[in-house]
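What follows is a short report on a single structure.
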2 protein chains.
Amino acid sequence: MKITIKEIAKEAGVSTATVSMIVNNKDKRISEATRKRVLDVIKKYNYVPNAVAGSLVTQKTHIIGLILPDITNPFFPGIARGAEDKAHESGYSIIFSNSDGKHELEEKHIETLTKKMADGIIIVLSSENEHMSELLKKCKVPVVLIDRDLSSVNIRGKVLVDNFKGSYDAVTYLSKNGYKKIAYLSGPLNTKTASERLKGYKQALIDNKLIYDPKTVKCGEYKIEWGQMGVDSLLAEKADFDSIFCGNDLIAVGAMKQLKNHKIRVPEDIGIMGYDDIYMSSYVEPSLTTVKQPIYQMGYKAMELMLNILKSSNKETSQEIKTIILDTEIVERNSIKRKV
Amino acid sequence: MKITIKEIAKEAGVSTATVSMIVNNKDKRISEATRKRVLDVIKKYNYVPNAVAGSLVTQKTHIIGLILPDITNPFFPGIARGAEDKAHESGYSIIFSNSDGKHELEEKHIETLTKKMADGIIIVLSSENEHMSELLKKCKVPVVLIDRDLSSVNIRGKVLVDNFKGSYDAVTYLSKNGYKKIAYLSGPLNTKTASERLKGYKQALIDNKLIYDPKTVKCGEYKIEWGQMGVDSLLAEKADFDSIFCGNDLIAVGAMKQLKNHKIRVPEDIGIMGYDDIYMSSYVEPSLTTVKQPIYQMGYKAMELMLNILKSSNKETSQEIKTIILDTEIVERNSIKRKV
DNA sequence: ATAATTTAGTTAAACGTTTAAACAAAGGAA
DNA sequence: TTCCTTTGTTTAAACGTTTAACTAAATTAT
């Protein structure tokens, strides 16, 4: 039989209130003697308080929902780890789920989290649209967004990366290294990340006095397969380019693989630049020059933000949206070679 | 203000019991008329039942704890995904946490899960030892183990892979391809996976009439860095080998990288074989020939097992340990080349 | 000596469900 | 008509905590 606070109280000859206060360190007014006595009984019976009963009265579960598109995509484990580390530091747990970028799944997960009374939800949105903003309106708890932007009620915090700048820097870097004809394999343009990166790409072309050739920019998905297809379509259309800037590292890996299939050498014939700096980017051949995103930090900061919001929302203060913008950084490896 | 079952009941002019039965589809005896009336009110107020209140009475949370060493290690996301997919199918949620292979963390997470009344715990143990078995004794809910074996009370299920056979097959495959001097870079031998793989390696050497040279087998960690160090130490000791079988893909990737640093070609000079078939193994150069573990399946099956145990434990039946052994499979890529 | 304050607790309601047991009304059998 | 079933619904206890409000005893102040 499971042992409850009542048994402990009876055995120690005190009320349940006393036990509760001792367990929760709200025992300013409890004498050392009874404190010790109760603690001994607790140890003796190996009593572990039932958090769900507690949650029912405090209306707090110390659970944060984390919704990601797909933990299997190398970009996300770092975020999950960052979030979990911070959560754990503060005595919170994470319920995590994969949305596959589908609205129905996002909706289902949000509903589940609401039922289970999660204290807050951190979500990496799949894309921005009406549906989503509609959906988030329904959900009663604070929401923090990571990576993909969106404005809606209930969103209390955001952790973003300056995608325009990251992309702008990358293209400038390519230009500085002597590349003149920079193709661009974009991610899906219905995501803000991709559209911002495209803007950065275009602006950098202008500022570096390079020409913008629409034939060399293609939009697809954030996947290896798209990198391969993108190269094929660039080649098929006989587009003129000396380098490819890729919407993310996965695309870059796919592009390099396909270039190799076509016996085109990287970086000798074509330079390749990625975005993200996922784990494998150091280990592909050639190793990938890329725009590093602070992936771990994104998760960590998002959780930190969430916990701060939760703390201050007791005082029912500011309803403003707290936004954290993190910086990118170019990491130089071997898929780019300075041209004379 | 949050809307509860009481408000719904009052508004619909019925008792809470009636609402509860309708919400949970236990409404065999409810007339269509009231059923519809209640459902309408529920929709009108957008009522979502509070699962933690429910959990308190049913003693079921529909939450399963998932403890992994590190979600950031490319081996684990697949497991997490498999487990989450199955859980979601059946209306369960996952609380996940990283142990970093440390007992104290495993212990803390188990305690948290106990407090939060998780219905069961799925865990990928870091290593086998007394501590662990001691720890699992304490925990009140069913435990399912993935990948790393251990015997203890409370363990109600296991999903394992035949490491001996996988390793045996790999070495045999190398032998069939003409390799005679197969070095082995092992993972940590305090894990059952590594010790089983070592046994398989040795047995395969015997059965293929190859010599076992202790100088060519080294034990380290399941990490890229160890692959690099391992190669260095092999080289430093002037060990005689024509191929390296690696304890996992990470080690193999590190080994290839270091071989390249030493201007030794793979597969021309040295053949490399890995274990796991993680995501990146197809994309390193050369792509890695490896022993594929059914990673996704391991997570999926473990959750399936867990849910079955939970179902049948109502009937308080069999206390036997259900064990599922999954099979490995060699996937041929380019880090091995048939020698004439 | 009496009143005021502090200390060390206790009491009991509340959190939002589920569910076994009870019950009233209606229909059918005798 | 009386009794038995069936149908549809209600009653009320239970789940295991937390916490505001209260109290009794001890101490301090006047």
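Below, chain A is the first sequence line, B the second, and so on; all start at residue 1. Scope of the values below: all heavy atoms of this structure, side chains included, with no hydrogens, waters or symmetry mates.
- The end-to-end axis angle of the helix from dA1(C)-dT30(D) to dA30(C)-dT1(D), rounded to 10 degrees and based on five pairs per end, is 60°.
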Before you tell me yes or no, could you show the steps for Lys301(B) and Glu304(B) under salt bridge (charged side-chain N to carboxylate O under 4.0 Å, His left out), namely the whole-Å CA-CA distance, both residues' side-chain angles and the distance that decides it to 0.1 Å?
CA-CA 5 Å; Lys301(B) 287 286 178 188; Glu304(B) 193 167 62; 3.5 Å; yes
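- For the pair Ile79(B) and Tyr296(B), the minimum side-chain heavy-atom distance is 4.5 Å or more.
- Ser31(B) comes within contact range of the sugar-phosphate backbone alone, with a heavy-atom separation under 4.0 Å but no base atom that close.
- As a whole-Å value, the separation of Met21(B) CE from dG16(C) P is 22 Å.
- In this structure, CG of Leu56(A) is placed 12 Å from P of dG16(D), rounded to the nearest angstrom.
- Under 4.0 Å is where a charged nitrogen must lie from a carboxylate oxygen, and between Lys44(B) and Asp40(B) no such pair does.
- Atom CD of Glu32(B) and atom C1' of dG8(D) are 13 Å apart (whole Å).
- Close to dT19(C), at under 4.0 Å from its OP1 or OP2, lies a side-chain N or O of Lys26(B).
- Across the protein-nucleic acid pair, Ile3(A) atom CD1 and dC15(D) atom P stand 14 Å apart, rounded to whole Å.
- Counting any heavy atom pair closer than 4.0 Å across all strands shown, Val14(A) reaches sugar-phosphate atoms only and no base atom.
- Of the candidates dT9(D), dT18(C), dC15(C), dT9(D) carries the atom nearest the Thr34(B) side chain, counting heavy atoms from C-beta on.
- Nucleotides of DNA chain C nearest to Arg29(A) and Thr18(A) differ in position, and the one nearer the 5' end is that of Arg29(A).
- Taking 4.0 angstrom as the limit, Ser20(B) places a side-chain polar atom (N or O) nearer than this to OP1 or OP2 of dT18(C).
- The closest donor-acceptor contact from the side chain of Thr34(B) to the backbone of Ile30(B) lies at 3.5 Å or more, if one exists at all.
- Distance, Lys6(B) NZ to dG16(C) P: 7 Å, rounded to whole Å.
- Within a 6.0 Å radius of NZ in Lys116(A), more than 12 heavy atoms belonging to other residues, nucleotides or ligands are found.
- One atom, CD1 of Ile5(A), and another, P of dC15(C), lie 19 Å apart when rounded to the nearest Å.
- A close approach under 4.0 Å does not occur between any side-chain nitrogen or oxygen of Ser55(B) and OP1 or OP2 of dC15(D).
- Residue Asn50(B) places no side-chain N or O under 4.0 Å from the OP1 or OP2 atom of dC15(C).
- Between dT18(D) and Gln59(A), no contact under 4.0 Å exists linking OP1 or OP2 to a side-chain N or O.
- Comparing Ala17(B) and Pro49(A) along DNA chain D, the residue whose closest nucleotide (by nearest heavy atom) sits nearer the 5' end is Ala17(B).
- Atom NZ in Lys60(B) sits roughly 19 Å away from atom P in dT17(C) (whole-Å rounding).
- Taking side-chain N and O atoms only, Ser15(B) has a distance below 4.0 Å to OP1 or OP2 of dT10(D).
- Judged by distance alone, the side chains of Tyr222(A) and Thr193(A) do bring a donor and an acceptor atom under 3.5 Å apart.
- The shortest distance between the side-chain N/O atoms of Tyr47(A) and the OP1/OP2 oxygens of dG16(D) is not below 4.0 Å.
- Distance NZ (Lys2(A)) to C1' (dA14(D)): 16 Å, rounded to an integer number of Å.
- Both Arg35(B) and Ala53(A) sit near DNA chain D, but only Arg35(B) has its closest nucleotide nearer the 5' end.
- Contact annotation for Thr58(A): backbone-only contact, meaning every heavy-atom pair under 4.0 Å involves sugar-phosphate atoms and none involves a base.
- Using a distance-only test at 3.5 Å, with no hydrogens or angles considered, a donor-acceptor pair links the side chain of Asn73(B) to the main chain of Phe75(B).
- At least one donor-acceptor pair under 3.5 Å links the side chain of Thr61(B) to the backbone N or O of Met117(B).
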